[in-house]
Colleague: 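Sharing a structure, written as structure tokens. Questions coming.
So that the names make sense, note that chain A is the first sequence line, chain B the second, and so on, each numbered from 1.
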There are 2 protein chains.
Amino acid sequence: MARVSLKDLAQHLGLAEGTVSRAMNNYPDISAATREKVQKAADALGYKPNHTARRLATGRAEAVAYLMPTSRSALSTPFVSELLQGLGDALAKRAWDLLVVQPQSAEDELQTLRKLVASGKVSGVVLSRPAKVDARIDFLKSSGFPFIVHGRAKDDAGYAWYDVDGRQAFADAVDHLTAQGHRRIGFVGAPSYQNFAQDRFDGYKDGLKANGLAFDPDFVSIAELTDEGGERAAFDLLSSPPHPTALLCVNDVQAIGALAAVRAKGWVPGKDVSVIGYDGVWMGRHTNPPLTTLAQPQSHSGRQLGDMLLSIIDGGKPEDFQVLRRAELVRRKSDGPPTGIRTTPQTTSREETR
Amino acid sequence: MARVSLKDLAQHLGLAEGTVSRAMNNYPDISAATREKVQKAADALGYKPNHTARRLATGRAEAVAYLMPTSRSALSTPFVSELLQGLGDALAKRAWDLLVVQPQSAEDELQTLRKLVASGKVSGVVLSRPAKVDARIDFLKSSGFPFIVHGRAKDDAGYAWYDVDGRQAFADAVDHLTAQGHRRIGFVGAPSYQNFAQDRFDGYKDGLKANGLAFDPDFVSIAELTDEGGERAAFDLLSSPPHPTALLCVNDVQAIGALAAVRAKGWVPGKDVSVIGYDGVWMGRHTNPPLTTLAQPQSHSGRQLGDMLLSIIDGGKPEDFQVLRRAELVRRKSDGPPTGIRTTPQTTSREETR
DNA sequence: CTTGTTTCCGAAAGCGCTTTCGGAATAGCC
DNA sequence: GGCTATTCCGAAAGCGCTTTCGGAAACAAG
């Protein structure tokens with residue numbers, strides 16, 4: 001019942017502690033015979049090594065931490081556990097531990113990180129949702145501590161990251177919409193200190209330019225990353241004529257709010273006003289109408305992040321681990337060609353020229 | 001730059017290691033003067049205690065583990081991160097760590113747990129989604145290791161848990177439906193080895209009995225906990241006349257699938273067939289139509305679980321920490337009085353008598 | 001049979017911190 | 001001023017494991 005220690009095991013076998021330890025760790029200077037004897041005795045007695053002691057002795061933490069996002073935005077929830085599962089899988093191969101670290105506030109974040117790397121509790125950390133310029137990344141880079149980020153900051157050089165190309169995706173979306181005949185395309189976005197928000201916004205502008213449409217600041221509205229946020233922003237955009245005939249939303253949860261806004265205006269989403277989201281969340285299939293979206297690739301990102309981080313801890317160069325994936329447009333029912341609806345007919349300066 | 005250890009600090013101060021240690025830990029036998037001196041020097045030199053060494057020396061792990069559910073059912077995702085956040089908050093007060101442990105398979109679970117408690121890595125664990133009879137709980141109970149479970153097994157005695165009363169909730173839902181005039185109420189459920197599924201099913205039956213309705217096995221269909229599962233199950237139920245005029249679904253994601261099934265039959269959910277879910281997920285407001293559901297109380301369950309677990313680790317009796325919350329019916333648009341629709345008119349034995 | 005190699009294991013010396021124990025120094029008391 | 005109480009700190013002795021180092025035993029070579 002009581003924990004059996006290495007000493008107990010050694011005593012039981014009549015061997016020295018060190019010998020038993022080396023046997024358990026497959027040192028080459030242990031004869032096959034005794035190694036086997038040790039193994040057998042070990043699981044006969046139910047010996048389970050004390051990880052803490054091992055860590056102290058080796059100096060290897062054999063654990064990595066995931067720094068939880070501090071923003072409580074509804075959206076963080078689905079992707080966090082997805083990521084955690086993947087990380088867990090990756091770490092399981094080596095029987096490493098996964099720590100979840102939760103800063104108590106956004107300001108607290110850097111301090112938490114400092115303590116974390118200093119404590120020696122982990123040998124690597126994974127960050128997510130970087131800001132455009134992210135102090136956490138700067139600190140980690142300068143400290144030389146192994147880390148990887150899910151997403152990337154504006155400056156994406158010199159560290160490891162995994163991201164999907166939101167900029168490209170939004171440019172694609174504009175292409176798609178203009179191909180359908182839309183000329184007034186709105187953007188409902190999130191505060192751009194979050195780098196992904198900036199990326200997608202840039203993609204939106206790229207798309208306009210590529211299609212010869214003028215950028216009109218009146219067609220963009222920024223809100224928080226919730227359904228209500230999206231709804232409010234969309235409602236605003238739709239309230240001053242000439243309103244956009246299509247809305248690109250920075251993510252699906254905002255898009256879902258936007259759908260509600262369109263209906264609130266008495267219009268039907270997908271007919272009168274097109275709405276396109278981003279993420280490809282499961283729920284999109286069940287909205288009213290089903291949401292057209294830019295879906296992230298299904299590949300378990302957590303798994304990849306974990307594997308990459310492990311490689312870096314093993315000595316890999318962070319710069320060698322930067323992967324950019326492409327989002328895919330999945331068409332459902334919330335987009336379509338623009339229809340001539342209750343919109344002010346006169347062409348204002350907001351209309352693109354050409 | 002290099003880590004500064006206790007020894008360094010002591011040397012720098014001209015004090016003994018032990019003295020410095022006691023000063024840092026607020027031992028009463030250290031004079032206020034030196035305590036202060038030590039504190040100052042500590043953060044001047046940037047001393048951060050090595051947690052691993054501390055753990056080894058004290059034998060206290062100062063960490064708890066969350067055992068991830070192995071089922072990949074879509075639903076696990078939202079609630080996992082919610083729970084993690086709450087746990088993190090609770091642990092932050094003591095600066096304890098949160099480990100996320102992920103068994104590689106369901107069979108592996110018990111073994112993982114064994115290793116976990118033996119390794120000394122944590123001083124408590126939290127489980128979720130217990131089975132009707134759950135080997136993990138039995139093991140933990142017999143081992144005397146501190147733990148708490150989110151939900152509860154069929155046998156809920158002798159350990160700590162936090163649960164919301166699904167049985168009561170489903171009985172309430174049946175009341176609600178019969179009050180509206182429904183007589184044929186279906187149940188789409190999940191495999192009942194999951195205790196919560198059994199609970200809710202029992203509540204459904206309780207409700208029928210309380211309202212003088214006969215239980216009809218043809219009105220229940222079991223499927224996996226996904227939208228497709230719910231859709232298939234609901235479709236089946238609606239395909240053999242006389243079909244139920246209302247569907248109680250074991251959770252919201254199934255209910256969302258059920259909504260789709262109703263539409264697929266050419267009916268309109270909430271009018272021709274009522275459907276009610278369970279959980280109160282955020283998404284329910286945006287389905288078509290918005291989903292009536294039995295919402296779990298908003299109180300951060302993770303936080304509560306954490307606090308309770310801490311109390312138990314401190315020596316509290318597990319039996320003293322059992323909290324049962326009540327779900328609340330939030331009415332949206334997916335339920336209403338039954339309408340006489342394309343249903344076979346003749347009263348079969350399936351109709352309740354009275 | 002000596003010398004030189006290998007093979008295998010025992011014996012320490014930590015890893016960085018905590019905690020008990022005892023004793024020096026100071027204070028309190030008659 | 002002697003004596004007992006306090007106050008405060010130093011000095012080990014670990015916690016359970018790893019890892020280096022050296023040497024005994026076994027083997028090979030001359």
Colleague: Between residues 9-17 of chain B and DNA chain D, which residues have a heavy-atom gap below 4.0 Å?
Modeller: B/Gly14, B/Leu15, B/Ala16

Colleague: For chain B and DNA chain C, what are the first and last nucleotides along the strand, 5' to 3', with at least one atom under 4.0 angstrom from a heavy atom of the protein chain?
Modeller: C/dG16 to C/dT20

Colleague: Need one value for B/Gly59: base, sugar-phosphate or nothing, where a base atom within 4.0 Å counts as base even if backbone is also close, heavy atoms only.
Modeller: nothing

Colleague: Could you verify whether a donor N or O on one side chain and an acceptor N or O on the other, from B/His300 and B/Glu82, lie under 3.5 Å apart?
Modeller: yes

Colleague: List for me each residue that meets side-chain hydrogen bond (donor to acceptor under 3.5 Å, both in side chains) alongside B/Arg325, sequence neighbours excluded, and say none if there are none.
Modeller: B/Ser299

Colleague: Other residues, nucleotides and ligands only: do more than 12 of their heavy atoms fall within 6.0 Å of CD on A/Glu36?
Modeller: no

Colleague: With side-chain hydrogen bond (donor to acceptor under 3.5 Å, both in side chains) as the rule and sequence neighbours excluded, what pairs involving residues 7-20 of chain A come up?
Modeller: A/Ser5-A/Asp8

Colleague: Given 3.5 Å as the limit, does a donor-acceptor pair link the side chain of B/Asn50 with the main chain of B/Ala53, or not?
Modeller: yes

Colleague: Taking side-chain hydrogen bond (donor to acceptor under 3.5 Å, both in side chains) as the definition, give me every residue that meets it alongside B/Asp314, ordered by chain and number, with sequence neighbours left out.
Modeller: B/Arg94

Colleague: After noting the C-alpha distance and the side-chain angles of A/Ser21 and A/Leu6, does the key distance pass the side chain to side chain contact (heavy atoms under 4.5 Å, CB included) rule?
Modeller: CA-CA 7 Å; A/Ser21 169; A/Leu6 229 202; 3.8 Å; yes

Colleague: Using modelled atom types only, decide if a donor and an acceptor are shared between the side chain of B/Ser123 and the backbone of B/Ala63 within a distance under 3.5 Å.
Modeller: yes

Colleague: Apply side-chain hydrogen bond (donor to acceptor under 3.5 Å, both in side chains) to B/Gln322 and list each qualifying residue two or more places apart in sequence or on a separate chain.
Modeller: none

Colleague: Which residues satisfy the side-chain hydrogen bond (donor to acceptor under 3.5 Å, both in side chains) test with B/Gln304, sequence neighbours excluded?
Modeller: none

Colleague: Do B/Phe79 and B/Ser301 have side-chain heavy atoms sitting under 4.5 Å apart?
Modeller: no

Colleague: Taking salt bridge (charged side-chain N to carboxylate O under 4.0 Å, His left out) as the cut-off, I'd like each qualifying pair that reaches into residues 98-110 of chain A, sequence neighbours left out, listed once.
Modeller: A/Glu109-A/Arg136

Colleague: Go through residues 26-36 of chain B and report each residue with a non-hydrogen atom lying under 4.0 Å from DNA chain D, sorted by number.
Modeller: B/Asp29, B/Ile30, B/Ser31, B/Thr34

Colleague: Sequence neighbours left out, what pairs pass side-chain hydrogen bond (donor to acceptor under 3.5 Å, both in side chains) with at least one residue falling in residues 145-161 of chain A?
Modeller: A/Arg152-A/Asp156, A/Arg152-A/Asp163

Colleague: What residues from residues 42-58 of chain B pass a heavy-atom cutoff of under 4.0 Å to DNA chain D?
Modeller: B/Leu56, B/Ala57

Colleague: Between the protein and nucleotides 24-28 of chain D, are there any N/O to N/O pairs under 3.5 Å, and if so, what are the atom names and distances?
Modeller:
none

Colleague: With a 4.0 Å cut-off, would you call B/Lys141 and B/Asp134 a salt bridge?
Modeller: no

Colleague: So, the side chain of A/Arg22 versus the backbone of A/Pro28: is there a donor-acceptor pair under 3.5 Å, distance only?
Modeller: no

Colleague: Would you classify B/Thr19 as touching base, sugar-phosphate or nothing, given that sugar-phosphate means primed atoms plus P, OP1 and OP2, and contacts are heavy atoms under 4.0 Å?
Modeller: base

